[in-house]
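Reading through the structure tokens given below for one structure.
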Amino acid sequence: MTDRTLPYNIEAVRADFPILQQEHHAGVPLIYLDNAASSQKPRQVIDAIDDYYRRYNANVHRGIHKLSEAATAAYEEARIKVKKFINAANKREVIYVRGTTEGINLVAQTWGRANLKSGDTVVLTQMEHHSNIVPWQMLAAEKGFTIRYVPVLPDGTLDMDVYDALLRDEPVKLVSVMYVSNVLGTVNPIAHMAKLAHDVGALMLVDGAQAVPHLPVDVQALDADFFTFSGHKMIGPTGSGILTLDGSTWNELPYKFEAGTPSIAEGIGLGAAVDYLTSIGMDKIRMHEEAITAYALDRLSEVPGLTLYGPDADQKGAVAAFSLKGIHAHDIAQLLDAEGIAVRAGHHCAMPLHDCLNIPATARASFYLYNTFAEVDALIDALYKAKKKFSV
Ligand SMILES: Cc1ncc(COP(=O)(O)O)c(C=O)c1O
């Protein structure tokens, strides 16, 4: 590894994440490369949650006592932080949910249930996460609409000719697509796809789970009608997430969709996560991730028998999915774990994609703002060790 100019002080960032200071096994440091599944949390987020429970725990929007007012203020301030972070037009369009899956289900069970019927078409893609397939399949079974899938080309991008043809030839009511693939890393042309969908009168839902943690996102520029993401993948708490709606279509936002006592600590923690990411700068985080992903792809491609999936680093998120000839992905993950390296193995809740790639499983290393080039080197060394052990 050569010396590099880094866009921010990664060692200072790492020092903020308590879990990164611990050993994975005795004498073996933790190398966390499973960020696409869930990210680690800095002390600033942990402290915000701790502070809420210790100093001003109370229900929101109800009480007129001081604690309730403080909790409501912090919870609503977090909503404004999120609004600014993704450039939503209005804080009323920012709905708290518990994560991407809940956001998509909420759209399916409200707008979808009211508007989709037999004879309509919903367009998904072959690279979708199950979270963006199952809710539509279940509703289609009940309502009788048709689901069509945009295929994935060999270079890991979507077949836009088929997308154009579907919009032209079918009565498409909704396009529901991921912004960034959790396996291939492909960054889909969302603004362009939304425009084409709108041109034929269809609405657009975007699964932003792998985008908001990693790229500067401007929901107004993308012009989707629904946009959802999870807090836990962006250094925030589990059980936090956001659905943004195009407010022009709805009354009484956001509370109409936030019944009951919400996840107050989680919302406040998400606000702290947004503060942390903003203080570094999403453009700088993207710069670092692009560099580390390019380095990882280069180094991985040196390993004999290794196949990489998805586009090049400049067109993809911080994900490297691969298979290694002669070793099952689960064995790779287990052997890496023994070296202190956490990666994911399996179909990553994207079975249609793995069917189309014609493989049962991949191993996936996914990076975030705190990962280092030295950690990529350790991954490569561990893969060579695994190959030796399996004599492949
Ligand atoms: C692209 C994508 N969509 C949806 C999800 C589901 O997110 P959650 O489990 O936070 O609801 C994930 C999680 O892995 C994902 O990667």
Side-chain angles (χ1 to χ4, degrees), residues 6-8 10 13 33-40 42 81-89 94 99-100 103 125 127-129 131-132 156-158 176-195 204-224 226-236 240-244 270 273-297 310-321 348 364-371:
L6 301 170
Y8 51 87
I10 293 193
V13 167
L33 301 180
D34 194 17
N35 295 286
S38 199
S39 65
Q40 299 303 344
K81 288 174 186 176
V82 172
K83 175 214 169 268
K84 287 190 185 141
F85 189 61
I86 57 171
N87 194 32
V94 177
T100 307
T125 82
M127 63 172 77
E128 294 313 309
H129 189 279
S131 292
N132 193 24
T157 61
L158 291 175
S176 192
V177 60
M178 58 186 4
Y179 193 164
V180 177
S181 162
N182 61 317
V183 180
L184 302 169
T186 317
V187 181
N188 289 319
I190 294 299
H192 177 62
M193 292 177 83
K195 179 172 184 319
M204 177 91 171
L205 185 157
V206 176
D207 166 352
Q210 299 294 344
V212 178
H214 303 283
L215 316 171
V217 168
D218 178 337
V219 290
Q220 289 187 71
L222 295 172
D223 197 24
F226 311 102
F227 189 100
T228 185
F229 56 97
S230 305
H232 70 96
K233 294 182 197 285
M234 52 182 284
I235 71 171
S240 68
I242 296 293
L243 170 68
T244 62
L270 179 59
V274 163
D275 282 344
Y276 192 92
L277 295 174
T278 307
S279 74
I280 295 170
M282 290 308 295
D283 49 346
K284 290 189 179 152
I285 291 172
R286 171 65 181 155
M287 211 183 288
H288 173 59
E289 290 185 6
E290 213 176 298
I292 200 169
T293 307
Y295 182 66
L297 296 183
D312 293 339
D314 58 341
Q315 293 173 54
K316 77 191 251 157
V319 180
H348 317 293
R364 179 185 70 186
S366 53
F367 309 100
Y368 208 6
L369 71 166
Y370 37 67
N371 288 122

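Numbers for residues simply follow the sequence, beginning at 1.
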Quick check against the 3.5 Å criterion: does His129 have a side-chain atom that pairs as donor or acceptor with the backbone of Ala209? no

Give me the atom names and distance for the closest heavy-atom approach of Gly208 to Pro213. O-CD, 4.1 Å

With side chains defined as the heavy atoms from C-beta onward, is the minimum distance between Asn35 and Lys233 less than 4.5 Å? no

Residue from Leu222, Val217, Asp223 passing side chain to side chain contact (heavy atoms under 4.5 Å, CB included) with Ile190: Leu222

Tell me, which pairs form a side chain to side chain donor-acceptor pair (under 3.5 Å) where one or both residues lie in residues 179-190, sequence neighbours left out? none

Keeping the roles fixed (side chain from Thr100, backbone from Ser230), state whether a donor-acceptor pair exists under 3.5 Å. yes

Using side-chain heavy atoms (C-beta onward) and a distance below 4.5 Å, is Phe85 in contact with Met282? yes

Is there a side-chain contact between His214 and Leu369, using heavy atoms and a 4.5 Å cut-off? no

Mind checking the CE-CG spacing from Met178 to Leu158? Nearest 0.5 Å is all I need. 9.5 Å

Separation between OH (Tyr276) and CD1 (Ile285), nearest 0.5 Å, reads 8.5 Å

State, to 0.1 Å, how close Thr125 and Glu128 come at their nearest heavy-atom pair, and which atoms those are. OG1-OE2, 2.6 Å

Is the shortest side-chain heavy-atom distance between Thr228 and Thr244 below 4.5 Å? no

Please determine if Asp275 and Lys81 form a salt bridge, counting it only when a charged side-chain N lies under 4.0 Å from a carboxylate O. yes

Does the side chain of Ile86 reach to within under 4.5 Å of the side chain of Phe229, using non-hydrogen atoms? yes

Between Ser176 and Phe226, is there a side-chain heavy-atom distance shorter than 4.5 Å? no

Between the side chain of Asn87 and the main-chain N/O of Val219, is any donor-acceptor distance below 3.5 Å? no

Do the side chain of Asp312 and the main chain of Asp314 share a donor and acceptor less than 3.5 angstrom apart? no

Over all atoms of both residues, closest heavy-atom pair of Ala221 and Ala191: O-CB, 4.0 Å

Which pair of heavy atoms, one from Thr293 and one from Phe367, lies closest together, and at what distance? OG1-CD1, 3.9 Å

Can you find a heavy atom in the side chain of Ile242 that is under 4.5 Å from one in the side chain of Leu270? yes

Nearest heavy-atom neighbours spanning Met204 and Val177: CE-CG1, 3.3 Å

In this structure, CG of Asp34 is separated from CD of Gln40 (nearest 0.5 Å) by 9.0 Å

From Leu205 CG over to Asp207 CG, what is the distance, rounded to the nearest 0.5 angstrom? 7.5 Å

Less than 4.5 Å apart, side chain to side chain, heavy atoms only: is that true for Met234 and Tyr368? yes

For Thr278 against Val274, the heavy-atom pair lying closest together: OG1-O, 2.6 Å

For Lys316, which of Val180, Leu184, Leu297 qualifies under side chain to side chain contact (heavy atoms under 4.5 Å, CB included)? Leu297

Spacing of OH belonging to Tyr370 relative to CD1 belonging to Ile235, to within rounding of 0.5 Å: 8.5 Å

Can you tell me how far apart CG (Leu215) and CD (Gln210) are? Round to the nearest 0.5 Å. 10.0 Å

